[in-house]
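Written out below as structure tokens is the structure these notes cover.
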Amino acid sequence: MDNLNEYLGGRIIKTTDLKPETLLYLKDHGGEVVTATFKKNDKLFCRRCLMVIEKLPIDFQYCRSCINLGKIQISDELLITPTDIRYPRQEDYLVWDGQLTANQSKGVRELILAFQQHQNHLVWAVTGAGKTEMIFPLIEKVLLKGQRIAICSPRVDVCIELFPRIQKVFPKTTVGLFHGRSEEPYHLTQIMLATVHQLIRFEKAFDVLVVDEVDSYPLAGNLMLHKAIQKAKKDTGIIVYLSATPPKELLKQVKQHKLSITRLYQRFHGHPLPEPHCHLLLKPTQFLKINPRLRLLIARLIKNKQRFMLFFPQIPAMKQFAKQLKKLYPLLTFVDVSSKDEQRLEKVQQFREQKVQAILTTTILERGVTFKKIMVIVLDAQAKEFSKTALIQIAGRAGRGKDSFDDEVHFFYQVYNQQIRKACDEIRYLNQQAKK
């Protein structure tokens, strides 16, 4: 028989993908066979992703919304695997010698209260507030009750960075990391780290779902992924949203008392968020290959051996800048990364390990990554790709270490627009709130 560990835990699997003896065993142990579609208000829906199946001008109909996870035809049957799993008991679950701040401790109390009351919860915390450390006690409570938790993010980079941190503090608990580029096949674990897309494969599987960077692309505004989050939790389960820039929909739910909230306006080290220095460039970024004002700054950084991040609105602009940077500063070591870069994770690691002095990037690294002692520079900050939220998140890459809280952030632009002003205003507001 197949390794059952690859199927258990609320997985949604086509019956034809299972060997007959495996299917029979899973059915006998609580698995449920259902049709691949269901009707509601005269519309046909996919049972896996819950999206409408639009009729196609072909003989066989299938769901196009989740086809990247494997084709679901309307004639298919699905197996929803058992979720009533008993996990081994342990003496000590959490092994962590860190200390929470007073603000973090208050947030933990509010999180655990939400868990006990089966209440969905939002943690609105500034970048660098220590959200990850705050969920450690919550994870421990879930494990102590013999329950299961998933920690998800829209971004692969965030999941990959979180995985070793969770493994380290819960060394005896099974922890899995699953995303579209995973080499490791799915297997049942009590703690699951995954991209939000992976939740489409689950139904009523988790007692607690922690969704990090809830406002981030591709989750923001994606109905299928939001449905997947709701579907993947058990009926008695809760969702915990983490964000430095929560979407209006969640804040509206807080006002309606549908969602409890924790607010953290201060970083874990107690220092304020770096407030951006704003610079008007009278000539374009590419003027004289690289604008002379930018050349002066870059030359100073190279001379001082100061590490830095350069953010660009688009890949072509970044590639062109990188080409000129090599010509003008042959001794500067740097990498450039984007969403289309297959070596992105390796390059980010190079920068993290200080093997290169600089990293050029698009908004792909606006969140979910932590570097120490860096300057953050945004070029063409007026571009539409840099929303208010993106600029706040980018600025949040700086000043994250106790010994580098005063890292600088610089916005360069040709036009001072609303998104730049609103981003700077919100950062100042959050710093004022932290002083109260």
Side-chain angles (χ1 to χ4, degrees), residues 94 96-115 120-140 151-155 157-159 161-162 165-166 168-169 210-216 239-247 250-251 254 259-276 365-374 376 388-409 423-436:
L94 178 59
W96 184 57
D97 57 4
Q99 291 290 319
L100 295 172
T101 65
N103 285 336
Q104 286 174 316
S105 297
K106 177 177 175 287
V108 166
R109 289 194 295 273
E110 291 167 349
L111 263 174
I112 290 172
L113 182 63
F115 171 61
N120 291 343
H121 194 78
L122 168 64
V123 177
W124 181 2
V126 297
T127 55
K131 295 191 296 291
T132 303
E133 288 76 13
M134 275 180 56
I135 65 170
F136 291 168
L138 172 65
I139 297 171
E140 184 182 34
I151 304 160
C152 304
S153 170
R155 299 282 180 94
D157 312 65
V158 176
C159 298
E161 180 153 303
L162 277 176
R165 295 173 68 185
I166 299 296
K168 184 178 179 181
V169 297
V210 177
V211 185
D212 198 5
E213 309 292 358
V214 65
D215 57 302
S216 174
I239 302 169
V240 175
Y241 300 100
L242 309 179
S243 181
T245 45
L250 289 183
L251 295 176
V254 171
L259 198 62
S260 52
I261 188 169
T262 290
R263 292 180 173 89
L264 271 85
Y265 295 120
Q266 193 174 59
R267 287 185 152 180
F268 78 95
H269 50 52
H271 296 282
L273 297 164
E275 295 184 10
L365 293 187
E366 74 179 37
R367 61 182 77 215
V369 290
T370 298
F371 307 111
K372 305 283 179 69
K373 297 184 180 179
I374 57 164
V376 172
K388 177 198 82 169
T389 295
L391 290 173
I392 291 170
Q393 289 283 358
I394 288 168
R397 297 312 98 206
R400 297 175 75 90
K402 283 183 180 179
D403 56 347
S404 59
F405 62 86
D406 55 352
D407 288 341
E408 292 181 9
V409 178
C424 294
D425 285 351
E426 185 158 322
I427 291 168
R428 278 193 291 271
Y429 168 78
L430 292 168
N431 282 337
Q432 287 165 4
Q433 292 299 306
K435 291 176 184 175
K436 291 182 179 179

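We're numbering straight along the sequence, starting at 1. Keep in mind that the numbers below use all heavy atoms, side chains included, and drop hydrogens, waters and symmetry copies. Everything numeric here is computed off the predicted structure, so don't read it as measured data.
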Worksheet item: What salt bridge (charged side-chain N to carboxylate O under 4.0 Å, His left out) pairs are there with at least one residue in residues 388-397, not counting sequence neighbours?
Response: Lys388-Glu426
Worksheet, complete the sentence: Here the pair of heavy atoms bringing Ala390 nearest to Glu366 is CB-OE1, 3.4 Å
Practice prompt. Answer yes or no: is there a side-chain heavy-atom contact under 4.5 Å between Val254 and Leu250?
Written response: no
Worksheet item: Do the non-hydrogen side-chain atoms of Leu111 and His121 ever get within less than 4.5 Å of each other?
Response: yes
Fill in: Test side chain to side chain donor-acceptor pair (under 3.5 Å) applied to Thr245 and Gln393, step by step
CA-CA 8 Å; Thr245 45; Gln393 289 283 358; 3.1 Å; yes
Discussion item. Nearest 0.5 angstrom please: Leu365 CG to Arg155 CZ, how far?
Written reply: 8.5 Å
Item to complete: List the steps, then state whether side chain to side chain contact (heavy atoms under 4.5 Å, CB included) holds for Leu251 with Leu122.
Response: CA-CA 9 Å; Leu251 295 176; Leu122 168 64; 4.0 Å; yes
Item to complete: May I ask you to decide if the ring planes of Tyr265 and Trp124 are parallel, tilted or perpendicular, using 30° and 60° as cut-offs?
Response: perpendicular
Worksheet item: Heavy atoms, side chains only, cut-off 4.5 Å: are Val376 and Asp407 in contact?
Response: no
Item to complete: Measure across Val409 and Ala398 and return the closest heavy-atom pair with its distance rounded to 0.1 Å.
Response: CG2-CB, 3.6 Å
Discussion item. Quick check: closest heavy atoms across Val214 and Ser243, and the distance to 0.1 Å?
Written reply: CG1-CB, 3.8 Å
Worksheet item: Considering residues at least two apart in sequence or located in another chain, which fulfil the salt bridge (charged side-chain N to carboxylate O under 4.0 Å, His left out) criterion with Asp157?
Response: Arg344
Response to the item:
Minimal heavy-atom distance between Ile427 and Pro274, with the atoms involved, is CG2-O, 3.8 Å
Practice prompt. Taking Asp215 for its side chain and Pro247 for its backbone only, find out whether a donor-acceptor pair lies under 3.5 Å.
Written response: no
Worksheet item: Do the non-hydrogen side-chain atoms of His269 and Asp403 ever get within less than 4.5 Å of each other?
Response: no
Item to complete: Drop me the distance from Ile394's CD1 to Thr127's OG1, to the nearest 0.5 angstrom.
Response: 11.5 Å
Item to complete: Look up atom CD1 in Ile392 and atom CG in Asp425, then write down how far apart they are to the nearest 0.5 Å.
Response: 9.5 Å
Worksheet item: So Ile139 and Val169, side chain to side chain contact (heavy atoms under 4.5 Å, CB included) or not? Walk me through it.
Response: CA-CA 10 Å; Ile139 297 171; Val169 297; over 6 Å; no
Fill in: Heavy-atom side-chain contact between Val108 and Thr262 under 4.5 Å
no
Worksheet item: What distance separates Phe268 CZ from Arg400 CZ, expressed to the nearest 0.5 Å?
Response: 8.5 Å
Worksheet item: Can you tell me how far CD1 of Ile261 sits from CD of Glu110, rounded to the nearest 0.5 angstrom?
Response: 9.0 Å
Worksheet item: Would you say the side chain of Arg428 lies within less than 4.5 Å of the side chain of Leu273, judging by non-hydrogen atoms?
Response: no
Worksheet item: Taking all atoms of both residues into account, what is the closest heavy-atom pair of Ala423 and Leu391, and its distance?
Response: CB-CB, 3.7 Å
Worksheet item: How long is the span from the OG atom in Ser260 to the CG atom in Asn120, to the nearest 0.5 Å?
Response: 8.0 Å
Worksheet item: Do Phe136 and Ile166 come within less than 4.5 Å of each other through their side chains, counting heavy atoms only?
Response: yes
Worksheet item: Would Glu140 and Ile112 count as a side chain to side chain contact (heavy atoms under 4.5 Å, CB included) if you check the C-alpha gap in whole Å, the side-chain angles of each, and the deciding distance to 0.1 Å?
Response: CA-CA 10 Å; Glu140 184 182 34; Ile112 290 172; over 6 Å; no
Practice prompt. Find out whether Gln266 and Thr101 are in side-chain contact, i.e. whether some heavy atom of one side chain is under 4.5 Å from a heavy atom of the other.
Written response: no
Item to complete: Quick one: which residue pairs count as a salt bridge (charged side-chain N to carboxylate O under 4.0 Å, His left out) with a foot in residues 127-139, not counting sequence neighbours?
Response: Glu133-Arg165
Worksheet item: Looking at Ser153 and Val158, what are the two nearest heavy atoms and their distance?
Response: OG-CB, 3.4 Å
